[in-house]
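The chain is numbered in sequence order, starting from 1. Start at 1 and go down the list; that is how both ligands and their atoms are numbered.
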Amino acid sequence: MSAKINVAILGATGAVGQELLKLLKERNFPVGRLKLLASPRSAGSKINFGGEELVVEAVNEQSFTNIDIVLASAGGSTSKAWAAKAVEAGAVVIDNSSAFRMNPDVPLIVPEINPEAAAKHQGIIANPNCTTILMGMAIYPLHQIKPLERIVVSTYQSASGAGARAMEEVKTQARAILDGQTPPAEIFPYPLAFNLFPHNSPLNPEGYCEEEMKMINETRKIFNAPELRISATCVRVPVLRAHSEAVNLEFEQPFTVEQARKILAGAKGVKLVEDWQANYFPMPIDATSKDEVLVGRIRQDLSHPCGLELWLCGDQIRKGAALNAVQIAELLLQKNLIKPAASPVAAV
Ligand code: A2P
């Protein structure tokens with residue numbers, strides 16, 4: 001393996017793809033050749049990377065030749081169509097979609113939580129769901145000290161979770177409403193500007209939506225805690241790109257607020273934001289474009305002796321997606337884990 005890594009970004013024109021490009025530059029990732037891939041719609045368009053104009057290509061059978069790492073963020077169906085081909089061509093795929101996350105042969109990684117899982121990869125590593133990453137960052141440091149028994153989380157999710165076009169849609173809707181017009185809704189099922197609605201992913205027979213089940217199942221997999229009791233309510237709110245979450249935690253043993261605060265103040269990738277005098281706590285505008293997950297309003301749950309409440313905000317595009325993926329790529333480099341797959345893996 002040469003010191004320079006040949007990277008392909010699948011979904012380079014999207015919101016996460018654009019952030020991946022920024023992060024590769026910002027973090028001095030040792031990029032050799034960089035291939036920008038998207039749908040045929042974007043073929044021929046140009047994107048600047050460090051002063052160089054790169055031409056976007058429509059993904060095709062030859063796209064992954066001599067590529068070491070594929071950072072994929074073009075949706076589940078695109079990943080299902082191309083990941084195995086990229087692995088066959090000798091690349092490691094870090095996949096931001098949900099296509100492979102629950103496959104037992106695919107590590108699901110938050111580098112601050114379970115970096116050791118990377119050693120088992122067979123060509124594909126999954127990047128977890130954004131709300132799951134952000135919550136995990138804030139609660140795993142506590143879980144390591146006193147195990148969690150139960151989590152009840154409510155999310156306040158920004159438009160960016162549905163992609164760049166969804167972010168534009170919210171802006172267009174806001175302008176339309178302010179001009180006294182009826183807002184168009186094409187990406188989302190309902191107007192999101194000046195509104196909110198329960199997450200619009202498909203519902204299961206128990207009444208949970210897919211996003212809620214991702215938080216439940218992925219957290220259990222990342223924490224290696226298959227029995228952990230979790231319930232989630234996911235809601236889309238008219239915020240552009242940072243998610244917020246209200247999290248109720250029940251531990252096996254009581255935690256004092258001071259203990260929890262001390263642990264989180266020292267946790268990597270977490271920033272404690274609490275000014276009780278000023279009633280100032282994490283807000284999406286403060287979390288936007290930041291790497292850290294902002295955590296605050298840590299308080300005793302008055303209804304349970306082993307319970308804590310906390311509030312967090314994190315940039316959905318950055319730590320919720322692109323940053324976590326680049327950190328996984330850095331981890332592969334550090335541990336010398338960029339290698340051809342043992343066998344192709346199936347989507348789950
Ligand atoms: P394109 O811009 O050509 O549609 P977002 O999540 O922000 O909406 O971005 C989605 C990304 O995934 C975009 O880069 C988009 O490219 C890409 N994409 C969508 N469908 C496909 C596909 N069938 N093949 C390759 N890339 C795709």
Side-chain angles (χ1 to χ4, degrees), residues 7-24 34-49 53-65 67 69-87 89 91 93-101 124 126-133 157-173 184-189 192 199-201 210-211 214 234 236 238-243 288-289 315-326 347:
V7 178
I9 299 184
L10 179 53
T13 52
V16 173
Q18 292 292 297
E19 201 70 23
L20 284 165
L21 280 165
K22 266 195 228 164
L23 283 159
L24 290 174
L34 180 61
K35 202 167 247 211
L36 304 183
L37 305 169
S39 80
R41 286 182 292 274
S42 308
S45 59
K46 290 188 178 140
I47 294 180
N48 188 291
F49 181 74
E53 290 283 301
L54 298 178
V55 180
V56 177
E57 294 171 31
V59 59
N60 63 68
E61 300 285 338
Q62 280 72 50
S63 295
F64 307 106
T65 309
I67 292 294
I69 292 184
V70 179
L71 298 166
S73 193
S77 55
T78 307
S79 288
K80 281 182 194 165
W82 294 103
K85 289 181 177 153
V87 173
V93 178
I94 300 170
D95 184 31
N96 197 46
S97 82
S98 60
F100 302 97
R101 288 181 190 147
I124 300 177
N127 204 37
N129 162 269
C130 47
T131 45
T132 306
I133 296 177
Q157 300 187 211
S158 61
S160 56
R165 287 169 64 219
M167 294 167 80
E168 280 311 307
E169 180 165 290
V170 176
K171 290 187 206 167
T172 310
Q173 287 173 351
E186 284 162 14
I187 309 290
F188 290 122
L192 188 56
H199 199 281
N200 51 301
S201 48
E210 233 170 45
E211 184 82 354
K214 285 177 189 173
C234 293
R236 291 207 193 265
V239 168
L240 279 182
R241 62 173 279 173
H243 288 351
T288 294
S289 299
D315 188 306
Q316 183 271 329
I317 302 178
R318 230 167 149 89
K319 184 57 187 171
L323 173 62
N324 201 70
V326 173

Is there a donor-acceptor contact under 3.5 Å from the side chain of [X] to the main chain of [Y]?
X	Y	value
S201	E211	yes
E57	S63	no
E19	I317	no
N127	A321	yes
R101	N96	yes

[X] N/O to ligand 1 N/O under 3.5 Å:
X	answer
S39	yes
A15	yes
G11	yes
A164	yes
V16	no

Got the closest protein heavy atom to [atom], with its distance?
atom	answer
atom 15 (C) of ligand 1	T13 OG1, 3.8 Å
atom 6 (O) of ligand 1	G163 CA, 3.6 Å
atom 9 (O) of ligand 1	G14 CA, 3.2 Å
atom 23 (N) of ligand 1	T78 OG1, 3.6 Å
atom 20 (N) of ligand 1	R41 NH2, 3.7 Å
atom 1 (P) of ligand 1	S42 OG, 3.2 Å
atom 17 (C) of ligand 1	A74 CB, 3.7 Å

Against heavy atoms of [X], which atoms of ligand 1 measure under 4.0 Å?
X	value
A12	14 (O)
A38	3 (O), 16 (O), 25 (C), 26 (N)
S73	11 (C), 12 (O)

Would Q316 and S160 count as having a side-chain donor-acceptor pair, cut-off 3.5 Å? yes

Taking all non-hydrogen atoms of both residues, which atom of [X] and which atom of [Y] are closest, and how far apart?
X	Y	result
A58	P40	CB-CA, 3.7 Å
A38	T13	CB-OG1, 3.7 Å
P184	Q173	O-NE2, 2.9 Å

Using 4.0 Å as the upper bound for N to carboxylate O, is an ion pair formed by E168 and R165? no

Verify the neighbour count for atom CD of E53: are there more than 12 heavy atoms of other residues, nucleotides or ligands below 6.0 Å? yes

Does only the side chain of [X] get under 4.0 Å from ligand 1, or the backbone, or both, or neither? Count heavy atoms.
X	value
P40	neither
V59	side chain
A162	neither

